[in-house]
Amino acid sequence: MRAWEKNIRRVAPYVPGEQPKSEKPIKLNTNENPYPPAPGVKQAFKEMDAGQFRKYPDSTSSELIKALSEYYQVEENEVFVGVGSDDVIAMAFMTFFNSELPILFPDVSYSFYKVWADLLHISYETPALDENFCIHKEDYYKANGGIIFPNPNAPTGLLLPLEEVEDIIAHNQDSVIIVDEAYIDFGGESAVRLTRKYENLLVVQTFSKSRSLAGLRIGYAIGHPDLIRAVNDVKNSYNSYTLNMPSIKLGAEAVKDETYFKESLERIVKTREESKLRLKKLGFSFPDSMANFIFATHKDRSAKDIYKALRENHIYVRYFDQPRLDNHLRISIGTDEEMKKFFEFLEVFLSD
Ligand code: PMP
């Protein structure tokens, strides 16, 4: 081994879902929104002056922060923005999880949590979900260095009712609690309003799913001004210019159009509920998802075989080759047309 090699930081990275190169794939594998962003986003993009890109962007992303603070009716100093919620959560890990005690997150949840904890040398415990993939709030009634969980959970789609979220926070006022609400707009009640009641609560959301802007990489957190100040200090000690100019501008545009936002959510929820019925008819079972995906297992065909067969036909779903998850498929909700093709294929494949 060369001398410098022993100093390399070795990590087992997070593996993002595949972005297929094939022509016109049916892409149900990364929980993107199948509909375009609000029309105002397209218009503002057209009007953008590329000449401006010679300058650095506004390091405080004030236009975007203002739009978000108006939408959530909070002060601007209660909002933090980052390059997707991945960046926001990574910054929050760096800022808030510095205790000798382990942080807690469910054994089945967003697989990036473990990667950040390992990278930052944060110790952690992972209370097990029960056999129905449910979180037991009592598992979080113990001393800890912080807590994070997605709500709805990923990849299960299960929603923890807001009273139970609050119960976990109420039992843990000595550490920072992060509720990762990447999928909350598809059917849950957000914990944002609890941030005024609990100073140690940080709620994280994203533009990647409900706002159809995964490509712009915008995420945000809402919490007490002291939490926001602390995470901004860490961000500014790492990279001051995180969001680029188009993301700041177009993100703000997306937030302004509430009518379009609600309509596209309704369409996805309708397709999700119809998809649940069709999956059941085909012999699948799944936790009752409140997100824009369904985590399904089939009564007699292996998830891996179904995944492979779909993939050969340019239909992409997410398969996790991990204990507890390896007989499930996570199927993102596409357009009605995409879901029609997905089901047509499955009907033929499963009747073989
Ligand atoms: N949290 C959860 C639970 C997710 O599934 C994702 C999407 N991979 C993210 C956070 C990160 O999303 P983004 O960085 O696109 O905002």
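Note that ligands are numbered from 1 as they come in the structure, with each ligand's atoms numbered from 1 the same way.
- From L265, atom CG reaches atom CZ of R272 across 10.0 Å, with rounding to the nearest 0.5 Å.
- Looking at atom 7 (C) of ligand 1, its nearest protein heavy atom turns out to be K209 NZ, 3.1 Å.
- For atom 2 (C) of ligand 1, the closest non-hydrogen atom on the protein side is D180 OD2, 3.4 Å.
- Between F133 and H328, the ring centre distance stays below 6.0 Å.
- For atom 14 (O) of ligand 1, the closest non-hydrogen atom of the protein is R217 NH2, 2.8 Å.
- In terms of protein heavy-atom proximity, atom 12 (O) of ligand 1 is closest to S85 OG, 3.3 Å.
- Residues F149 and Y113 keep their aromatic ring centres 6.0 Å or farther apart.
- Protein heavy atom nearest atom 4 (C) of ligand 1, with residue, atom name and distance: Y183 OH, 3.6 Å.
- Proximity of S208 to ligand 1, defined as any heavy-atom pair under 4.0 Å, is confined to the side chain (atoms from C-beta onward).
- Judged by the 6.0 Å distance and 45° axis criteria, R267 is positioned over the aromatic ring of Y35.
- The contact set between ligand 1 and A182, taken as ligand atoms under 4.0 Å from a residue heavy atom, comprises 1 (N), 2 (C).
- With a heavy-atom cut-off of 4.0 Å, D86 touches ligand 1 through backbone and side chain alike.
- Nearest residue to atom 6 (C) of ligand 1 from F149, Y14, Y110 is Y110 (criterion: closest heavy atom).
- For the pair K114 and D118, the minimum side-chain heavy-atom distance is below 4.5 Å.
- Residues R330 and N31 meet the side-chain proximity criterion, which asks for heavy atoms closer than 4.5 Å.
- Under the 6.0 Å cut-off for aromatic ring centres, F293 and Y183 qualify, their centroids lying closer than that.
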